Amino acid sequence: MAQVKVGVVGLGAWGRNVARCLHELNECDLVACCDTNPASRALAELNWNVKTCETLDEMLERYPSIQAIVISSPAITHYPLAKKALLADKDVFVEKPFTLEVAHAEELLHLSEVRDRVLMVGHLMEYHPAVNYIRDLVRSGELGDIYYVYTQRVNLGRIRGDENALWSFAPHDISQILYMLGGTPTDVSARGQSFIQKSIEDVVFLSLYFSNRVMAHIHISWLDPHKVRSTTIVGSKKMVVFDDAATSEKLRIYDSRAEMHPTTSYGEATQVRFGDIHIPRISSTEPLKIEFQHFLDCVVRRLRPRSDAYDGLQVVRILDSAQRSLDMDGIPVALQPEEERLHAPSLPSKNRSWRPAPDVPISLPAFAYMPELSQKVPQ
Ligand SMILES: NC(=O)c1ccc[n+]([C@@H]2O[C@H](COP(=O)([O-])OP(=O)(O)OC[C@H]3O[C@@H](n4cnc5c(N)ncnc54)[C@H](O)[C@@H]3O)[C@@H](O)[C@H]2O)c1
């Protein structure tokens with residue numbers, strides 16, 4: 001595979017991980033990195049012997065051979081930097097959250113289509129081997145009908161001053177849930193509190209409701225004594241627990257369920273089954289590597305990424321609705337149905353292909369809607 005010439009924007013706590021990963025990939029030629037902080041630039045020069053610049057403008061000017069820009073700077077910079085990179089005709093990877101406003105996500109999506117650029121959003125969980133294993137279980141029907149899902153992403157950790165815990169953490173959980181279930185929520189509600197800084201929620205409890213009665217609950221916090229990264233899925237046949245903080249045996253599949261059984265005397269009675277617990281072998285490949293390999297592959301083969309700009313927009317729409325609910329102390333906020341959005345004037349008609357409407361079964365392949373870039377990405 002040809003090497004893709006890449007430039008990275010933002011070399012902070014996460015950006016260093018991003019640059020390290022790209023530096024290690026054979027498919028990537030890490031041409032340059034930029035960061036407004038001189039100490040971060042010095043570290044990158046030392047670690048990866050890479051050229052550095054202060055700004056994206058400077059990097060675009062000095063290294064015109066760069067084909068793809070990876071944006072790992074703070075969330076508020078994502079929209080202007082991604083727009084600049086797309087207007088310079090670069091393929092673009094943007095870390096989560098894609099943007100902080102729905103209109104900005106729509107604009108970037110449109111721009112990428114008009115200019116025929118790859119635009120991928122860093123929804124890392126969609127590249128996690130365990131999440132893909134669960135997705136296959138859901139789609140094969142092995143879990144039965146999905147009843148509900150809940151996730152916990154909590155620790156005592158990096159308390160951000162520029163975004164709340166919802167926008168910082170929930171893109172992971174929302175994208176993971178949509179990817180595993182393949183559907184779209186009809187409405188969301190969120191409650192949370194700001195304890196440490198005024199108006200920046202440290203803890204949020206977010207609920208998503210789907211029209212097929214599936215519920216998902218997301219608990220996020222950077223003010224918690226435990227480091228927990230877990231997902232539980234309850235189906236009519238089996239249940240699954242995914243513990244991403246565990247070093248091994250991250251996935252457990254419980255052959256457990258509750259059922260109604262006919263009885264002679266009382267009509268029907270509930271019966272609970274506690275069956276075997278299966279621990280499948282899951283690849284330990286770093287999800288970040290899989291994610292960037294996919295991005296580079298999409299750049300070379302001109303494919304639409306799995307976590308494309310539609311995916312990013314969908315998550316931003318949910319975050320935006322959740323924020324409105326949070327501001328109203330938990331009052332549910334309905335998401336505009338897909339059919340209405342299809343006829344909304346905010347996007348030009350070209351390439352307007354949305355995810356399945358909310359009332360389609362969640363077993364429907366999530367990528368059935370995929371239109372251009374040129375062909376469907378193999379799953
Ligand atoms: N995918 C994941 O698992 C994951 C994990 C953590 C963070 N993130 C995301 O990565 C991004 C960066 O997070 P972080 O924790 O590294 O933040 P950070 O604050 O530690 O680092 C941001 C860096 O960007 C630089 N910067 C700011 N504005 C810039 C600009 N205009 N041009 C160039 N550089 C600029 C800063 O100097 C800093 O070095 C955020 O969007 C965050 O949400 C993703």
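Sequential numbering from 1 along the given sequence is applied to the chain's residues. What you are looking at is a predicted structure, and each value in this text was computed from that prediction instead of being measured. When a ligand or atom number is given, it counts from 1 through the structure's own listing order.
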Tracing side-chain contacts under 4.5 Å among Ile, Leu, Val, Met, Phe, Trp and Tyr outward from Phe274 reaches Val272
Which atom names give the shortest non-hydrogen contact between Ser189 and Ser325, and what distance separates them? CA-OG, 3.2 Å
Determine, for Lys237 against Glu142, whether the closest basic-nitrogen to carboxylate-oxygen distance falls under 4.0 angstrom. no
Residues that, via side-chain heavy atoms closer than 4.5 angstrom, fall in one hydrophobic cluster with Met260: none
Taking side chain to side chain donor-acceptor pair (under 3.5 Å) as the test, write out the residues that go with His278, two or more places apart. none
Between Arg16 and Asp35, is there a salt bridge with N-O shorter than 4.0 Å? no
Output, or 'none' if empty, a list of ligand 1-protein atom pairs in which both atoms are N or O and the distance is under 3.5 Å, rounded to 0.1 Å.
from: ligand 1; atom 1: 1 (N); to: Glu95; atom 2: OE1; distance (Å): 3.1
from: ligand 1; atom 1: 3 (O); to: His172; atom 2: NE2; distance (Å): 3.3
from: ligand 1; atom 1: 15 (O); to: Arg158; atom 2: NH1; distance (Å): 3.0
from: ligand 1; atom 1: 15 (O); to: Arg160; atom 2: NH2; distance (Å): 2.8
from: ligand 1; atom 1: 16 (O); to: Ala13; atom 2: N; distance (Å): 3.2
from: ligand 1; atom 1: 16 (O); to: Trp14; atom 2: N; distance (Å): 2.7
from: ligand 1; atom 1: 19 (O); to: Arg158; atom 2: NH2; distance (Å): 3.2
from: ligand 1; atom 1: 20 (O); to: Ala13; atom 2: N; distance (Å): 3.1
from: ligand 1; atom 1: 20 (O); to: Arg158; atom 2: NH1; distance (Å): 3.4
from: ligand 1; atom 1: 20 (O); to: Arg158; atom 2: NH2; distance (Å): 3.2
from: ligand 1; atom 1: 37 (O); to: Asp35; atom 2: OD1; distance (Å): 2.6
from: ligand 1; atom 1: 37 (O); to: Thr36; atom 2: OG1; distance (Å): 3.3
from: ligand 1; atom 1: 39 (O); to: Asp35; atom 2: OD1; distance (Å): 3.2
from: ligand 1; atom 1: 39 (O); to: Asp35; atom 2: OD2; distance (Å): 2.6
from: ligand 1; atom 1: 41 (O); to: Ser73; atom 2: O; distance (Å): 3.2
from: ligand 1; atom 1: 41 (O); to: His78; atom 2: NE2; distance (Å): 2.9
from: ligand 1; atom 1: 41 (O); to: Lys96; atom 2: O; distance (Å): 3.1
from: ligand 1; atom 1: 43 (O); to: Lys96; atom 2: O; distance (Å): 2.8
from: ligand 1; atom 1: 43 (O); to: Lys96; atom 2: NZ; distance (Å): 3.0

